[in-house]
Every structure is written in C-alpha cells, then in structure tokens.
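Here's the structure we're looking at; comments come further down.
For the single chain, residues carry numbers from 1 onward in sequence order.
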Amino acid sequence: MPGRRLTQQDRQRIAAGLTDRLSYREIARRLDRPTSTITREIARNGGPNGYRPQQAHLATTQRARRGTPALPHAVTAPAGTMEQEIIEMAVGAGMPRMAAHVHQDLVLSEDGRRTAAELAHRLKVSPASISVAVNFLVQQGFVRRERDPRRRRDIYVIDDDVWYHAIMISERRTLETAQAAKAAAETYGLDTPVGRRLAKTAAYLEHVSLDIMESAARWRTLLA
C-alpha cells in the first residue's frame, strides 16, 4: 500500500528502474507509490547516478532507530496562497517538498543567493535537510553552487540562466533514454514488434528533445 515504508525489495526495484532508465513516475507506478516518495528516496540516497539499494536501506534503518524529527510547522504551513500553490505544483510535478521550499525561498530572495545556514535558519529545518534539498536542485539544474573562498562555504544561487540549464539537463537525460531505446531496438531486431516499438519510441524522444533544446537555445536571449 502507498502509505507503508519502503522495503529492501522496493529499493532494489528502484535501483533496477534507474538502471533501465525509467522515469521516477514510472518507478512509482510500478511500486504503487507516490512519485514524490520515489523522488525523495533517490535524492536523499545518492541521486540517480549514485543510488545503492543496500546502502539506502541501511541508512533509512539507522535514521529510524535514531528517530527522525517531524518537519517544523513553519515549513508545512502556507507562506501565502500564491506561494503555497507554486510549491504544491512543484511537488505534484515530482520535486521533493523540502526542495520545493528551498527553491521557492531562493526565487523570492532579493538577489537569488543564500547560504545553507541562511536557508536552514529561514525555513527552520536542520542543515541535513537543506543539504539533501540543495543537492537535488543542483543535480536538476534548478540551482547553481558557488564557493566563497574567503569564508569557506557554499552559496546557492538561482539566476535567470538556471532555467536554461535545467531544461538542457532534462533533455540530455531524455536523449540518453532515446539512445538506450535505440540500442535495445537493434538488439531485439528492427523486424520484430518489440524492436519496431522501441525504435519508434527512440525516434520520437530524440526528435522532441532536440526540438526543445533548440528552442531553449533560441529563446535564451529572453533571460539576458
């Protein structure tokens, strides 16, 4: 059932889904879980390229033994109707809730810059929660990380150009999926039903992704 905890077998299926380049939504559907559950699970345990089911299960077990504090009321309470609607839309699209709050705080900041300590203080959550959230945002291209050499700390930045980079990162991953589908089609044989289906999927994803990337580059000047 969707409300129960992820088991070790669930995590092995998540890892298998990542290996097969399935979307988070498809992995969630196969496990009968919310997409946000899968997104949080992967983000807090190494991301899509570093997810290891055994390590993830062990880390979760250890957190459960220590006791994981509930999110402070300040984070879950609406900051304002419009702001909360934007956060809920981001969560509905698959973004972890804490990442959505961090992203929203950066978007609404005067200069689009915050340190991890500032984010933790403003959202009233632990530094560990901020670390997981910003790592997800950086991986997806929604936030850029800068280093302050004088104070030896990271600064997380959201400027106009991050939207371009986020789109490009997403479409490059879709192209990788298309390439994997194309290779699988050749393996099955283009004269077989499976091969033809995979070849059509690969062609579709490739053309759509290239169109989006071309459009993103063409309209990038609007962000300048």
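For the pair Q140/L137, no side-chain contact is recorded, criterion being any heavy-atom separation below 4.5 Å from C-beta on. Using a 4.5 Å heavy-atom cutoff, the side chains of Y51 and R11 are in contact. A 4.5 Å side-chain heavy-atom check between V132 and M98 finds every atom pair outside the cut-off. Counting heavy atoms from C-beta on, the side chains of F142 and L106 never come closer than 4.5 Å. Contact of the R122 side chain with the R114 side chain is registered, since non-hydrogen atoms from C-beta on lie closer than 4.5 Å. Using a 4.5 Å heavy-atom threshold, the side chains of D10 and R33 count as touching. The shortest side-chain heavy-atom distance between I169 and R172 falls under the 4.5 Å cut-off. For the pair E41/R44, a side-chain contact is recorded, criterion being any heavy-atom separation below 4.5 Å from C-beta on.
Under 4.0 Å is where a charged nitrogen must lie from a carboxylate oxygen, and between K182 and E186 no such pair does. In summary, R29 and E26 engage in a salt bridge, as defined by a charged side-chain N under 4.0 Å from a carboxylate O. Salt bridge R97/E88: present, at least one basic N to carboxylate O contact under 4.0 Å.
Pairing each heavy atom of A199 with each of L190, the nearest pair is CB-CD2, 3.9 Å. V143 approaches H103 most closely through the heavy-atom pair CG2-CD2, 4.5 Å. Nearest heavy-atom pair across A216 and I167 is CB-CG2, 4.0 Å. Minimum interatomic distance between W163 and I158 (heavy atoms only, all atoms of both residues): CZ2-CD1, 4.3 Å. Closest of all the heavy-atom pairs between V162 and V157 is CG1-O, 4.2 Å.
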Query raised in the report: Should T187 and L198 be marked as a side chain to side chain contact (heavy atoms under 4.5 Å, CB included) after you check the CA-CA gap, both sets of side-chain angles, and the distance that decides it?
Result: CA-CA 10 Å; T187 299; L198 288 170; over 6 Å; no
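Applying salt bridge (charged side-chain N to carboxylate O under 4.0 Å, His left out) to R144 and the options D154, D159, D161 leaves one that passes, D159.
T201 places a side-chain N or O within 3.5 Å of a backbone atom of R197 that can act as its donor or acceptor partner. Between the side chain of D111 and the main chain of R113, a donor-acceptor pair closer than 3.5 Å is present. H207 contributes a side-chain N or O that, together with a main-chain N or O of A203, makes up a donor-acceptor pair within less than 3.5 Å. Checked by atom type and distance alone, the side chain of D105 never pairs as donor or acceptor with a backbone atom of H101 at under 3.5 Å.
In R196, the CZ atom is crowded: over 12 heavy atoms of neighbouring residues, nucleotides or ligands sit closer than 6.0 Å. For Y188, the OH atom sits in a loose shell: 12 or fewer heavy atoms of surrounding residues, nucleotides or ligands are nearer than 6.0 Å.
Note: the hydrophobic cluster containing V102 also contains L108 (ILVMFWY, side chain heavy atoms under 4.5 Å, direct or indirect links).
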